[in-house]
Amino acid sequence: MAAPCRCSRGALPLLLISLSAAYITYTALLSSRSLLPLPTASFPGATASRRLASGRPTAAAAFHTAVTASGSLYNTWQCRVMYYWFKRAREAGGGGGAEMGGFTRILHSGKPDAFVDEIPTFVADPLPAGTDQGYVVLNRPWAFVQWLQKADIQEEYILMAEPDHLIVKPIPNLSRDGRSAAFPFFYIEPKKYENVLRKFFPEHEGPITKIDPIGNSPVIARKESLARIAPTWMNISIAMKKDPETDKAFGWVLEMYAYAVASALHGVGNIFHKEFMIQPPWDLEIGDAFIIHYTYRCDYDMKGKLTYGKIGEWRFDKRSYDSKPPPRNLPLPPNGVPQSVVTLVKMVNEATANIPNWDSYAAA
């Protein structure tokens, strides 16, 4: 997810040690902002950076799309499909397409892979071994910190996206008046977890409602705002993971809560856009959505009835392809399956049909 940095290896362990101490008196540290933006010298330097020359005129509202990835086969095939549809949307022109600038896959494996010439890529260092405690997503904020400090990003705004996002149509810059544009998640509930969150967002920062029900993606933010938020997001993510109560409360959405807290601490508000994306199979129609997020399993019987929680006679689940990419020409859903799911499969099929060397992917 971010570019590999080759600065002194002593700096990061020192940072982590200081974070351990910081957690003990976290409220006081937050009030003094000692855990907020860290010196550039604390971060390793990028070893590889490849950017797409957008070929588009500079515009005040142009945004750069960034996707973090681990380098696993599972993440990589999703990135290839996502980048295909990013290009299709940007090339469509008009409307939001005019504001879609460059694209970067921020690869936090620490080394380039076979696809750096296909997908514009910034290689970032992962966290030191064991730091993520098996929660690989913890590398995402660390990767963004490296990319923001080391890459030459021409656009003034950044869209943070994910590998399992399919761009349905050109995306305009939805942010306004210094506020970011974000998708509201029903399962991000700051009020419900106020006692836990007060460890990281003390009462003198204001009411818990200042923490928005968002994650870091999809979000369109000013580059300057994100540069301030990212180190705090990283620090809070690590501190949350180190705290058993918080880790248990938030589980796989921990770094989403960390981003929401960091955004609130820096006073960066968010405009909620429910049309930012849909999530099949629960969202049935494409409607006005810009993105299809295919994180949930889609299971149906041959009459088109949803059998969620039970493997269907027909299914699409990205996790079925963790050790091999999906084959070309996946079978379409049976009659009666919602438009959102049908569109998702058709978009995957179109991408795999047109991406060169897809069939020899495993050998790449």
Side-chain angles (χ1 to χ4, degrees), residues 59-68 82 85-86 88-90 92-103 140-141 144 155-191 209-226 228-230 233 253 255-296 338-341 343-344 347:
F63 61 84
H64 193 100
T65 299
V67 177
T68 52
M82 194 274 187
W85 283 105
F86 165 83
R88 285 290 306 274
R90 195 180 62 176
E99 296 173 347
M100 296 176 70
F103 181 100
R140 180 179 293 158
F144 264 104
E155 298 84 356
E156 292 303 314
Y157 292 82
I158 292 167
L159 164 61
M160 293 185 287
E162 295 184 14
D164 59 355
H165 285 179
L166 298 179
I167 300 177
V168 177
K169 63 182 181 182
I171 304 173
N173 188 338
L174 300 169
S175 65
R176 294 289 184 275
D177 304 321
R179 291 186 294 165
S180 300
F183 178 81
F185 290 91
F186 73 89
Y187 52 78
I188 301 297
E189 303 175 276
K191 186 63 179 176
T209 51
K210 287 181 67 176
I211 301 174
D212 289 330
I214 62 169
N216 74 290
S217 175
V219 166
I220 299 176
R222 290 187 67 90
K223 180 171 57 179
E224 177 273 332
S225 296
L226 191 55
R228 290 186 289 116
I229 292 170
W233 172 30
V253 297
E255 62 86 30
M256 295 174 68
Y257 272 99
Y259 180 84
V261 171
S263 183
L265 285 169
H266 285 281
V268 178
N270 297 276
I271 305 169
F272 301 153
H273 288 276
K274 289 185 177 181
E275 78 280 10
F276 216 146
M277 70 180 187
I278 59 166
Q279 303 186 90
W282 311 117
D283 295 306
L284 306 182
E285 304 292 332
I286 302 298
D288 295 327
F290 296 101
I291 293 170
I292 296 176
H293 181 209
Y294 56 98
T295 190
Y296 295 105
Q339 176 209 25
S340 61
V341 178
T343 303
L344 161 60
M347 289 181 73

Exercise. First locate atom OG1 of Thr65, then atom CE of Met100, and finally report the distance between them rounded to the nearest 0.5 Å.
Key: 5.0 Å
Practice problem: Compare every heavy atom of Tyr294 with every heavy atom of Pro163, then report the nearest pair and how far apart it is. | Solution: O-OH, 3.9 Å
Quiz item: How far apart are the closest heavy atoms of Pro218 and Leu159, and which atoms are they?
Solution: CB-CD1, 4.4 Å
Quiz item: What pair of heavy atoms forms the shortest contact from His266 to Ile229, and how long is it?
Solution: CD2-CA, 3.9 Å
Quiz item: Which heavy atom of Trp85 sits nearest a heavy atom of Met347, and at what distance?
Solution: NE1-O, 2.9 Å
Quiz item: Are side-chain heavy atoms of Trp233 and Glu255 found at a separation under 4.5 Å?
Solution: yes
Quiz prompt | Non-neighbouring partners of Asp283 that pass salt bridge (charged side-chain N to carboxylate O under 4.0 Å, His left out), sequence neighbours left out | solution = none
Quiz item: Testing Ile158, Ile171, Leu174 for side-chain contact (heavy atoms from CB on, under 4.5 Å) with Phe63, which one passes?
Solution: Ile171
Quiz prompt | Shortest non-hydrogen separation from Met82 to Ala161 and the atoms involved | solution = CE-CB, 3.7 Å
Practice problem: Apply the side-chain contact (heavy atoms from CB on, under 4.5 Å) test between Ile292 and each candidate in Ile167, Asp164, Leu166; give the one that qualifies. | Solution: Leu166
Self-check item: Sequence-distant partners of Lys191, salt bridge (charged side-chain N to carboxylate O under 4.0 Å, His left out), two or more places apart
Solution: Glu194
Practice problem: State, to 0.1 Å, how close Tyr257 and Pro190 come at their nearest heavy-atom pair, and which atoms those are. | Solution: CE2-N, 4.2 Å
Quiz item: Looking at CZ of Arg140 and OG of Ser217, how far apart are the two atoms once the value is rounded to the nearest 0.5 Å?
Solution: 6.5 Å
Practice problem: Could you tell me whether the side chain of Asn173 and the main chain of Ala61 form a donor-acceptor pair under 3.5 Å? | Solution: yes
Self-check item: Separation between CD1 of Ile271 and CD1 of Ile220, rounded to the nearest 0.5 Å
Solution: 10.0 Å
Exercise. Check ring pair (Phe, Tyr, Trp, His ring centres under 6.0 Å) between Phe290 and all other residues, then give those that pass, not counting sequence neighbours.
Key: none
Exercise. Look up atom NE2 in His64 and atom CG in Leu226, then write down how far apart they are to the nearest 0.5 Å.
Key: 12.0 Å
Quiz item: Do any pairs count as a side chain to side chain donor-acceptor pair (under 3.5 Å) and have a residue in residues 273-282, sequence neighbours left out, and if so which ones?
Solution: His273-Glu275, Gln279-His293
Quiz item: Quick one: salt bridge (charged side-chain N to carboxylate O under 4.0 Å, His left out) partners of Glu224, sequence neighbours excluded?
Solution: Arg228
Quiz item: If you round to the nearest 0.5 Å, how far is CD of Glu99 from OG of Ser175?
Solution: 8.5 Å
Quiz item: So, the side chain of Gln339 versus the backbone of Ile286: is there a donor-acceptor pair under 3.5 Å, distance only?
Solution: yes
Quiz item: Quick check: does any side chain N or O of Arg90 sit under 3.5 Å from a backbone N or O of Gly101, one acting as donor and the other as acceptor?
Solution: yes
Quiz item: What do the steps show when you test Val253 against Phe185 for side chain to side chain contact (heavy atoms under 4.5 Å, CB included), and what is the final call?
Solution: CA-CA 11 Å; Val253 297; Phe185 290 91; over 6 Å; no
Quiz item: Between atom CD1 of Ile214 and atom CZ of Phe183, what is the distance when rounded to the nearest 0.5 Å?
Solution: 12.0 Å
Practice problem: Any pair with a residue in residues 177-189 that passes salt bridge (Lys or Arg N to Asp or Glu O under 4.0 Å), sequence neighbours left out, goes on the list, sorted by first then second residue, please. | Solution: Glu189-Lys192
Quiz prompt | Whether Ser263 side chain and Val268 backbone form a donor-acceptor pair below 3.5 Å | solution = yes
